[in-house]
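All remarks here apply to the structure that follows.
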2 protein chains.
Amino acid sequence: MREGPDIARIASLVGDPARANMLTALMGGTALTASELALVAGVSLPTASSHLSKLMEGGLLTLASQGRHRYYGLAGPQVAGMIEAITGVAAAVGPQRVRPGPRDAAMRVARVCYDHLAGEQAVAMLDRLVARQVLLRHDKEIRLGPSAASHFAAIGIDVESKPRRPLCRACLDWSVRRSHLAGTLGAAILDKIIAEKWARREKDSRAVIFSPMGKQAFEKVFLG
Amino acid sequence: MREGPDIARIASLVGDPARANMLTALMGGTALTASELALVAGVSLPTASSHLSKLMEGGLLTLASQGRHRYYGLAGPQVAGMIEAITGVAAAVGPQRVRPGPRDAAMRVARVCYDHLAGEQAVAMLDRLVARQVLLRHDKEIRLGPSAASHFAAIGIDVESKPRRPLCRACLDWSVRRSHLAGTLGAAILDKIIAEKWARREKDSRAVIFSPMGKQAFEKVFLG
DNA sequence: ACAATGCTTCGATGAAGGACGAACTATGCG
DNA sequence: CGCATAGTTCGTCCTTCATCGAAGCATTGT
C-alpha cells in the first residue's frame with residue numbers, strides 16, 4: 001500500500017513453522033535434499049515440496065540438481081543474516097519458553113551458524129581473542145588487532161587479502177546471548193576446525209562435537 | 001520441533017501485510033497512534049487494534065499511553081534491525097516489482113530509517129565521508145578516521161564517548177542498494193539536521209525534505 | 001525394458017486467522 | 001453531567017493456505 005520491497009511476502013515465507021524449521025536447518029550451511037528437509041520440518045514429502053517451491057519462488061533458496069537428488073541451500077549470506085536477525089528477536093522476546101537455549105547440550109557448547117562457529121566455545125573464543133587484543137572490539141564493530149596477521153598466519157589463515165564479505169562481524173549467539181565471531185574470518189576458523197579434525201559435524205544437526213584432543217588443540221590456539 | 005527461539009512466530013507477525021505496513025511506518029522512528037497505524041495499514045480501526053495487540057504480545061512494540069491516545073513504537077533497535085534485514089532481502093529478491101525503489105521521489109532522495117537518514121543524500125554522505133577518510137570503511141565495518149573527532153566536534157557532535165550501541169554501522173539502503181550510515185553517529189547526524197532545521201519531516205511519511213538553504217548547509221558540512 | 005527411488009503435481013479437506021460492524025469502555029471537553 | 005473522540009472486545013463471515021493420499025515424472029540401477 002505504501003512501499004517498495006514486499007517485506008510481508010518474505011516474512012510470511014519464514015512465518016510458517018515448517019518453512020522456519022527448514023531454513024533453520026539450512027543455517028547449518030550445507031545444502032539438504034527435499035526428503036531431509038521434510039524430516040526436519042516434520043511434514044510429509046508433498047507438503048515439503050510445496051513449501052520448497054514457495055521458498056524458491058521467494059528467492060530464499062538455491063537449488064542444485066545432482067542426478068535424482070535436489071539439494072536446497074540458503075540463497076546467500078543476506079538471507080542467512082535475515083534469519084539470524086529474526087532468531088535474535090525471537091530469542092530476546094521469547095523467554096516465555098521454558099528452555100532458555102537449545103535443548104541439546106551439545107548444541108549449546110558448539111554448533112554451526114550458517115558458515116561459522118556458534119555456542120559457548122565460539123563466545124569464549126571471541127572473548128579471549130578480544131582480551132588478548134588479537135581482535136579489537138567496540139560493540140558490534142570488530143576489527144583486527146596489530147598481532148592478528150601473525151597470529152592467524154601461524155595457523156594458516158590469511159587475513160591480509162580483503163574479501164568482499166566483511167572479514168569480522170559480531171553475531172549474537174541466541175543460546176548464550178552474547179556475540180560470537182562471524183564473517184569470512186569466522187568461516188575460515190570453522191573450516192580450520194573441521195579440516196584439522198578437531199571436531200566433527202553431528203549428523204542431521206547443527207551441533208559440532210569436539211574430540212578430546214581437538215578441544216585441547218582448539219583451546220591452545222584460541223583460548224591459550 | 002527442533003529448536004529454541006520461535007522464529008516462525010515472530011516472522012508470521014511481520015508476515016501479514018497490514019502489520020508489515022505498520023512496522024514499516026514505525027521505522028520512521030516516531031511512535032504513532034492506533035488510528036494513524038490503521039490508516040497506513042489500510043484497515044479498519046478494530047482490525048488495526050487486533051493487529052497491534054498481537055504485535056504487543058509478540059514483543060515487537062512498546063506502548064505509551066497519554067490520555068486517550070496510545071502511542072505505539074518499535075520495541076528497540078534489535079527489532080528495527082530485523083525489519084531492516086527483511087527489507088533488504090525483500091528488495092534484493094523482488095525486482096519483479098516494477099518500481100525499483102520508493103514510489104515517492106522525495107523518499108528516494110532522503111528519508112528516515114528508524115533513527116537515522118537514508119536515501120540518496122545519506123548514501124552520498126557516507127561515500128563522501130569515506131572518501132575524505134573522516135570514516136574508514138571495510139565492507140560493512142565502519143570506524144572513525146583520524147580527523148573524525150575534530151570534524152564532528154566542529155558541528156557539535158561528540159564521537160569520543162563510547163555509547164552502548166555501535167557508533168557506526170553500515171545499513172543497506174533499499175532504494176539505492178548501497179550502504180548508508182546507521183548507529184548512534186547516524187542518529188546524531190539526523191538529529192542535527194532536524195535541530196538545525198536544514199530539513200523537515202514530511203507528515204505521515206518517512207520522507208525528509210531539505211530546504212534550499214538546508215541542503216546547501218548539509219552539503220557544505222558533509223559533502224564539501 | 002522394468003523396477004525402485006526421489007521428488008513434484010493434483011485434488012480434496014479442514015483449520016487458522018484476517019476482515020468488519022456493532023456494542024462496550026475510557027478519556028477529555030464544555 | 002452529557003456528548004464526542006480514541007480504542008478495545010465480541011461475534012460472524014469468509015478467504016487463505018497447510019496438509020495429506022494418490023497419481024504422475026524423472027533418474028538410476030539391474
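Below, chains carry the letters A, B, ... as their sequence lines are ordered, and counting in each starts from 1.
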For this session: Quick one: do A:Arg70 and A:Leu63 satisfy side-chain contact (heavy atoms from CB on, under 4.5 Å)? Show the steps, please.
Result: CA-CA 7 Å; A:Arg70 313 191 70 178; A:Leu63 172 58; 3.0 Å; yes

For this session: Using a 4.0 Å heavy-atom cut-off across all strands, classify B:Thr33 as base, sugar-phosphate, or nothing.
Result: sugar-phosphate

For this session: Determine the contact category for A:Tyr71: base if any of its heavy atoms lies under 4.0 Å from a base atom, sugar-phosphate if only primed atoms, P, OP1 or OP2 are that close, otherwise nothing.
Result: nothing

Exercise. Below 4.0 angstrom from OP1 or OP2 of C:dT27, is there any side-chain N or O of B:Arg70?
Worked result: no

Exercise. Can you check whether B:Lys54 has a side-chain N or O nearer than 4.0 Å to OP1 or OP2 of C:dG18?
Worked result: yes

Exercise. Think B:Thr47 has a side-chain N or O under 4.0 angstrom from the OP1 or OP2 of C:dA19?
Worked result: no

Exercise. Rounding to a whole Å, what distance do you find between B:Asp16:CG and D:dC17:C1'?
Worked result: 14 Å

Exercise. Parallel under 30°, tilted from 30 to 60°, perpendicular over 60°: which one fits the rings of A:His180 and A:His116?
Worked result: tilted

Exercise. B:Ser44 has a side chain; which of D:dT19, C:dC20, D:dT9 sits nearest to it?
Worked result: C:dC20

Exercise. So, A:Ser44 versus A:Thr47: side-chain donor-acceptor pair below 3.5 Å or not?
Worked result: yes

For this session: Assign B:Ser50 to base, sugar-phosphate, or nothing according to its heavy-atom contacts below 4.0 angstrom with the strands shown.
Result: nothing

For this session: Please check if any side-chain donor atom of A:Glu84 sits under 3.5 Å from a side-chain acceptor atom of A:Thr87, or the reverse.
Result: no

Exercise. So, is B:His51 near the phosphate of C:dA19, with a side-chain N or O under 4.0 Å from OP1 or OP2?
Worked result: yes

